[in-house]
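See structure below.
Start at 1 with the first residue, then count along the sequence. Just the heavy atoms: all of them, side chains too, but no hydrogens, waters or symmetry mates, feed the values below.
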Amino acid sequence: MSAGIKKSPSNGSEKILSCEEQQAKINEVKKLIGPLPDKLSIYCSDASISRYLRARNWNVKKATKMLKDTLKWRSEYKPEEIRWEEIAREAETGKIYRTNYFDKHGRPVLVMRPRCQNSKSTKGQIKYLVYCMENAVLNLPPGQEQMVWMIDFEGFNLSNISVKVTRETAHVLQDRYPEHLGLAILYNPPKFFEPFFSMVKPFLEPKTYNKVKFVYSDDNNAKKIMEDLFDMDKLEAAFGGNDTSGFDINKYAERMKEDDKKMSTIWTRGNPSLAASEPAVTSAALSLDSLKLDSDSDASDDEKTDISSSHGIEPEVSDNDEPVAASTGNATEGVH
């Protein structure tokens, strides 16, 4: 399982810097990144760079490498160009969706239901995950950078487990959207899930692992945990709340189509006000040479990251066992 993802280089102890020290680190990263096209420079706002630095414990070289890799990935994968029609098939069972409520800290809430998996395509599943992340970032309230993931394990069984998809998911969330996870609630995971999670743990950043909370409905503390986080009248019944309406794919599709228009409008205008919310990148593809890492980049951050160079993509085997190349040239292609 170790292929394709590197173990966390962090020792779990987080540096605490003054505002002046933080700004100095941000300025160092800007200098190392160099001049960028307008919309890429919006992506590289102080708020965005700060997240990459926090993800790498304020190590400038590691944060710069991580950011450069993401810029290359975004310029090729074009996540901001993925539209509902391209991923509607993946979405129709409600396996991942953004709810229409926020937690008490103003964080968007995304629900994942592994039992509703309806695809064997790793590329398709990851493309839909990226679409969901772009949509959640688009809907971050002003001043809020993080979101909550709720994983509903009702009906979960061993056939729902894919090490490859789990590995790719961890890579995307940690390396392409760093510091956007505020909390992950694993709701009623079965006992047989625990050994699987133990296998995954070494490949999670310590900060990510510490944001994972196991919640069991038969635990006396579960209700208090959920009440502290959510308005129970808005929280879905599946998580102990009072909302019994359930997931409606038609209503959800309309919401997403409206958000797609919002995404298009924002980037047509090139609105810089969304800089703090990590806007999408729609400028011309970057020259990979222009983002080439310095030869003295920290070696520990280069260790055997095997997920198809910088973009976390592995060849996929189709039903006839022929390798399928994962294209990142255009968002309309079957990426991931």
Side-chain angles (χ1 to χ4, degrees), residues 2-37 39-77 79 133 137 145-146 167-168 170-181 202-211 275-276 278-279 281 283 285-313 328:
S2 60
I5 189 166
K6 58 179 179 292
K7 292 189 179 182
S8 166
S10 171
N11 60 11
S13 60
E14 187 174 357
K15 289 182 181 177
I16 300 175
L17 303 180
S18 69
C19 291
E20 292 78 11
E21 289 171 324
Q22 291 180 27
Q23 189 61 53
K25 296 277 188 181
I26 290 169
N27 292 340
E28 283 186 65
V29 173
K30 284 182 176 179
K31 185 176 179 181
L32 289 170
I33 292 290
L36 293 168
K39 289 181 180 177
L40 278 182
S41 65
I42 294 173
Y43 181 85
C44 293
S45 65
D46 285 9
S48 183
I49 293 172
S50 175
R51 281 199 313 278
Y52 283 83
L53 281 163
R54 296 198 306 271
R56 288 294 176 261
N57 205 17
W58 297 97
N59 182 302
V60 169
K61 280 188 178 180
K62 291 181 180 181
T64 302
K65 180 186 186 306
M66 187 184 190
L67 179 54
K68 285 181 175 181
D69 285 348
T70 297
L71 292 174
K72 288 190 286 187
W73 173 77
R74 292 191 72 97
S75 69
E76 296 169 350
Y77 198 105
M133 289 300 297
V137 168
E145 293 185 307
Q146 297 188 321
R167 187 177 61 202
E168 293 279 347
H171 172 70
V172 168
L173 295 181
Q174 291 182 152
D175 296 343
R176 303 302 174 226
Y177 300 92
E179 295 298 303
H180 273 313
L181 177 65
F203 304 100
L204 295 176
E205 298 286 344
K207 289 177 72 175
T208 301
Y209 176 77
N210 290 334
K211 293 174 182 176
E278 193 173 44
V281 178
S283 60
L286 289 169
S287 161
L288 298 189
D289 290 338
S290 71
L291 287 176
K292 192 174 292 182
L293 297 176
D294 295 335
S295 59
D296 61 348
S297 291
D298 194 295
S300 67
D301 213 39
D302 291 325
E303 287 177 358
K304 315 294 189 283
T305 305
D306 179 59
I307 309 183
S308 194
S309 91
S310 65
H311 6 104
I313 299 168
T328 57

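Between the side chains of Ser50 and Arg54, at least one donor N or O sits under 3.5 Å from an acceptor N or O.
Across all non-hydrogen atoms, the minimal contact from Leu71 to Leu36 is CD1-CD1, 4.4 Å. Minimum heavy-atom separation, Tyr177 to Pro79: OH-CB, 4.2 Å. Closest heavy-atom contact between Leu204 and Gln174: CA-OE1, 3.4 Å.
Between atom CZ of residue Arg176 and atom CH2 of residue Trp73 there is a gap of 6.5 Å, rounded to the nearest 0.5 Å. Interatomic distance, SG of Cys44 versus NZ of Lys68, reported as 11.0 Å (0.5 Å rounding). Atoms CG and NZ, on Asn57 and Lys62 in that order, are 8.5 Å from each other to the nearest 0.5 Å. How far OG1 of Thr64 is from CG of Leu53: 7.0 Å, rounded to the nearest 0.5 Å. A distance of 8.5 Å separates OG1 of Thr208 from CG of Leu173, quoted to the nearest 0.5 Å.
Take Lys211 and apply the side-chain contact (heavy atoms from CB on, under 4.5 Å) test, not counting sequence neighbours, and it matches Gln146, Glu179, Leu181. In this structure Glu21 satisfies the side chain to side chain donor-acceptor pair (under 3.5 Å) test together with Ser18, sequence neighbours excluded. Residues passing the side chain to side chain donor-acceptor pair (under 3.5 Å) test with Asp46 are Gln23, Lys30, sequence neighbours excluded.
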**OP:** Tell me, with the steps shown, if Gln22 and Trp58 meet side chain to side chain contact (heavy atoms under 4.5 Å, CB included).
**Re:** CA-CA 8 Å; Gln22 291 180 27; Trp58 297 97; 3.4 Å; yes
**OP:** Take Glu28 and Lys25 through the side chain to side chain contact (heavy atoms under 4.5 Å, CB included) test and state the conclusion after the steps.
**Re:** CA-CA 5 Å; Glu28 283 186 65; Lys25 296 277 188 181; 4.1 Å; yes
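A salt bridge links Glu205 and Arg56; the closest N-O separation between the charged side-chain nitrogens and carboxylate oxygens is under 4.0 Å.
Across Asp175, Thr70, Val29, a single residue satisfies side chain to side chain contact (heavy atoms under 4.5 Å, CB included) together with Tyr52, and that is Thr70.
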